[in-house]
S.K.: 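Please see the structure below; I have some questions.
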Amino acid sequence: MEPFDFKTSQEVWSETWEKEGIYNAKDFSDAKKFYCLVEFPYPSGEGLHVGHPRSYTALDIIARKRRMEGYNVLFPVGWDAFGLPAENYAIKTGTHPRATTEKNINNFRRQLKELGFSFDWSREVNTTDPAYYKWTQWIFLQLFKQGLAYKKKMFINWCPKDKVGLANEEVVNGCCERCGTPVIQREREQWMLKITAYAQRLLDDLATVDYPERVKKQQEEWIGRSEGAKIKFRISNFESEIEVFTTRPDTLFGATFLVVSPEHPILDGIVPADHRDAVRAYQEAAKMKNELERTELQKEKTGVFSGAYATNPATGKEIPIWIADYVLMTYGTGAIMAVPAHDERDFAFAKKYDVPIVPVISGGVDGACYQGKGVLMNSGAFDGMESDEAAKAMTKKFGMPEVQFKLRDWVFSRQRYWGEPIPLVFCPQCAQEAQSQTNADKNADQRGHIQRESASRQRLSAFSEGELLNPGWVPVPDDQLPVVLPEVEKYQTSDTGDSPLALIPQWVETTCPRCGGAARRETDTMPQWAGSSWYYLRYTDPHNDTAFADKGKLAYWTPVDWYNGGMEHTTLHLLYSRFWHKFLFDIGVVPTSEPYAKRTSHGLILGEGGEKMSKSRGNVVNPDVMVNEFGADAFRTYEMFMGPFEDSTPWSNNGILGIERFLNRAWKYVLACTKETNVAPLDADTERMVHKTIRKVSQDIETMSFNTAVSALMILLNTLEAHGPVPRETGEVFIRLLSPCAPFMTEELWRHHMGHTTSVSVAPWPAYDAEKMKDDVVTIAVQIGGKMRGTIIVSATATQQEVEDEVKKNDALMKRLEGIKVHMIKYVPGRIINFITA
RNA sequence: GCCCGGGUGGCGGAAUGGUAUACGCGCAACACUUAAAAUGUUGUAAUCGAAAGGUUAUGUGGGUUCGAGUCCCACCCCGGGCACCA
């Protein structure tokens, strides 16, 4: 019998499927839609990693099952092709990233097609295609116009030798990844996106989506909401006040000092002359500490007395103001009230610098720090109150309720070549005008933001929110999008820290779209996360050139029904795209408030030794090699069988060998069945097995328990082989159950050997008959005194009496029961009978 | 430190509170072969035993239960995330 020739089969069927277009989604079909999404790959020079096919095979299986169940399935793929490796390669070799990217995409496309994924290739998108990034730029401009983008001075990592801005990932132990030179911090203005404006909704709406609990938890923590109070402390000898944020207002009477961050602006005005040198020295030292040092030195608290005092509003006492870098300028107000008796950090600080410690919550041990809640003491009129009650009361009397988030705004600028140009120009004339408008607004109405907003809305034709927020920055009009990435000579960041685009005067110098005067283009580009924040929307209508996607198509296809991706994107891509999506929902251009109804995550594939795969360890498995040696079906099926989908599992070359054996046996068996004439109808036992397997495989695919689904198919094959040839329809059930895992071999059997004219991928998914699954006899475990002593076979509907009678017929068991006093008998039908001894 | 996972044969792993170790790998023996590979058959947690059979095992120690890998408490170890967040 001829073995399965996977090479020919892969060629033939890939071509046929593409020609027939059977995997192409149909917009507005009457069939129920199912949008199934995998994270599109970055087309690296190394080619596909074995991790990609794990996620892709899983959702391919789900997509294929849904099609067989009659759904209209959208299962697209594309390329997240902006990014550092292509750019670094360009810096080294002068090769245009576009060329590298194109070459890599072609390689990836070939690999994905060889693996037989049922992608709708007619909807391929590429984030570096101007027709695509036109809409990335358009979305950015909407954010800008609504006042959600702003410029801010920030520090970036800078390698003085390579003269290049580095991403955090490129900084290794404080040094440049490439040349080892210590990285310095360089200050420059960066575009920021106000993701914090959506913090509460990003948190609340987690309740409306089906994500794994661990993903929700991680996002929750990243957003980091905490409730507390803002309390003002009057500074002695000055008119000004210091505002602090605290989650424990109930401990206010125990606040024996204040601590402000070294960067706190208030320090400029309140430090007395005799303390200035010490304070300045401390500030300088704090600035020099890089992040690594800050974490290393975490335990040892340092600080300096500012020389100034403030008044605790509760006790009326004067307390010192200290400066310490354990207080972060980027969280809360950059200042805290220190309650050493009830906060470990404050406690450590107070001990070191000998500041008084006043306990105000009972429940602690003398001389130790107690962080729990309790009944108040040393708190005047509040004595005897419970913490929660006191917190409310003190907030009311001395402060204001306040909510803080850990989430920071998104640094959106890159001084890089290979990214979407930020489509803004800076116009000095318009800057003046916008500034004076803003000032006029302020003068006209000091009372608040709401009035200012409505005033600006009346002048919408003049300035958008974003332009008022960023005077002089003018959006490129929609009809001039995309702002195409120009050709450059060098791909390196310039000496000044600007992107290479800054070195092209004829590109930078432009006219202001608003006033027509001389203006300069923004030379920063967007981060890689930009294009991936909305790509799933583009798949619904990838060739539209008048909108990022047609509203009707969006209404039909979105939200994404099932999105699988890596845990590493939980607080980056996944959060960013939820933010963009909510914004697009708010401006009325997408129909849902959440992009993904359901999210799942795959585990990593580790090297054979159980360590992470990496080039330096030399344990990288190349998918091409596996596909050549074992075929796409075996490779796919092995990746599903190797372990629980959500867990990390080491690769095993012997493991894939086992799958190859299984598929070959399946091939031979089914083929033998087709050649057999006069096969007897299935006996009840085998039929029961078939129906149980249908149910098992169907359920396991839904819960992504692919390893046990494959195992169930193996068990079925073992049983069938032992049984001998089966009728055609049983063989076809087996083929259909296996087809999502092994599409090539099953298609070969289905069309060539079973004689079907259409693909197995459009055949109906097998149904099971619950009646035919019912066992007529069952094996019952017999326990005596809780110990397993044997098994008996009884009818599935046997009563306890019948089971006991059966036990009596069993000599070995009766021997065991001899002389034993049975206290009671516990019988669980179909499972167990336990003779409980006294 | 905090928040998630997880700890079961030589290995990957399976197991609605009810026969632990399914399935696969590896290994061993046998068959086929001049031989090897491939394939097939059988066996394979440990331990005592010639066998029948017994005993012990799901990180450790307790508990609940007729019965615990599974539930509860405490602890140890491994992986991931966050980390001076007031």
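The chains referred to below are lettered A, B, ... by the order of the sequence lines, with proteins before strands, and numbering in each begins at 1. No experiment lies behind these values; they were computed from the predicted model shown. Worth knowing before you read on, the calculation uses all heavy atoms, side chains too, and leaves out hydrogens, waters and symmetry mates.
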S.K.: Among C3(B), U19(B), A86(B), which is the nearest nucleotide to the side chain of Arg831(A)?
M.R.: U19(B)
S.K.: Nearest to the side chain of Ile836(A), which nucleotide is it out of C66(B), G12(B), U19(B)?
M.R.: C66(B)
S.K.: So which nucleotide from G18(B), C3(B), G12(B) ends up closest to the side chain of Pro650(A)?
M.R.: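 The answer is G12(B).
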S.K.: I need the CG-P distance between Asn707(A) and A15(B), as an integer number of Å.
M.R.: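 The answer, rounded to whole Å, is 8 Å.
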S.K.: Counting any heavy atom closer than 4.0 Å, what does Thr791(A) reach on the DNA or RNA strands: base, sugar-phosphate only, or nothing?
M.R.: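 Thr791(A): base contact, heavy atoms under 4.0 Å.
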S.K.: What integer number of Å spans the C1' atoms of A14(B) and C23(B)?
M.R.: 7 Å
S.K.: Honestly, is Lys301(A) close enough over Phe349(A), meaning NZ or CZ under 6.0 Å from the six-membered ring centre and within 45° of the axis?
M.R.: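 The answer is no, since Lys301(A) fails at least one limit relative to Phe349(A).
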S.K.: For the P atoms, the ones on U64(B) and on U70(B), what distance do you get once it is rounded to whole angstrom?
M.R.: 15 Å
S.K.: Can you tell me the distance, in whole Å, between the CZ atom of Phe645(A) and the C1' atom of G5(B)?
M.R.: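 It is 16 Å, rounded to the nearest whole Å.
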S.K.: So what does Thr330(A) hit on the nucleic acid, given a heavy-atom distance under 4.0 Å: a base, only sugar-phosphate, or nothing?
M.R.: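 Result for Thr330(A) = nothing.
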S.K.: Nearest to the side chain of Asn834(A), heavy atoms from C-beta on, is which of C82(B), G12(B), G18(B)?
M.R.: G18(B)
S.K.: Counting only heavy atoms not in Glu802(A), do more than 12 fall under 6.0 Å of its CD?
M.R.: yes
S.K.: Counting side-chain heavy atoms from CB outward, which of C23(B), A86(B), C25(B) is closest to Val327(A)?
M.R.: A86(B)
S.K.: What's the gap between G69(B) and U19(B) when it is taken at their C1' atoms, as a whole Å value?
M.R.: 14 Å
S.K.: Provide the distance between the two P atoms, one in G53(B) and one in C73(B), to the nearest whole Å.
M.R.: 41 Å
S.K.: Is the His569(A) ring parallel, tilted or perpendicular to the His573(A) ring (thresholds 30°, 60°)?
M.R.: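 His569(A) and His573(A): perpendicular rings.
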S.K.: So if I take every side-chain heavy atom of Gln218(A) and compare against A86(B), G81(B), G18(B), which nucleotide ends up nearest?
M.R.: G81(B)
S.K.: When all nucleic acid strands are considered with a 4.0 Å heavy-atom cut-off, which category describes Asp647(A): base, sugar-phosphate, or nothing?
M.R.: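 It contacts nothing in the nucleic acid.
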S.K.: Just to be sure I understand the rule, does Thr570(A) reach a base, reach only the sugar-phosphate, or reach nothing, if contact means heavy atoms closer than 4.0 Å?
M.R.: nothing
S.K.: So if I define the base as every atom that isn't primed, P, OP1 or OP2, how would nucleotides 36-55 of chain B read as a B/S/- string at a heavy-atom cutoff under 4.0 Å?
M.R.: ---SS------------SSS
S.K.: Rounding to an integer number of angstrom, what distance separates C72(B) and G18(B) when you compare their P atoms?
M.R.: 15 Å
S.K.: Any idea which of C23(B), C84(B), G18(B) is nearest the Val828(A) side chain?
M.R.: G18(B)
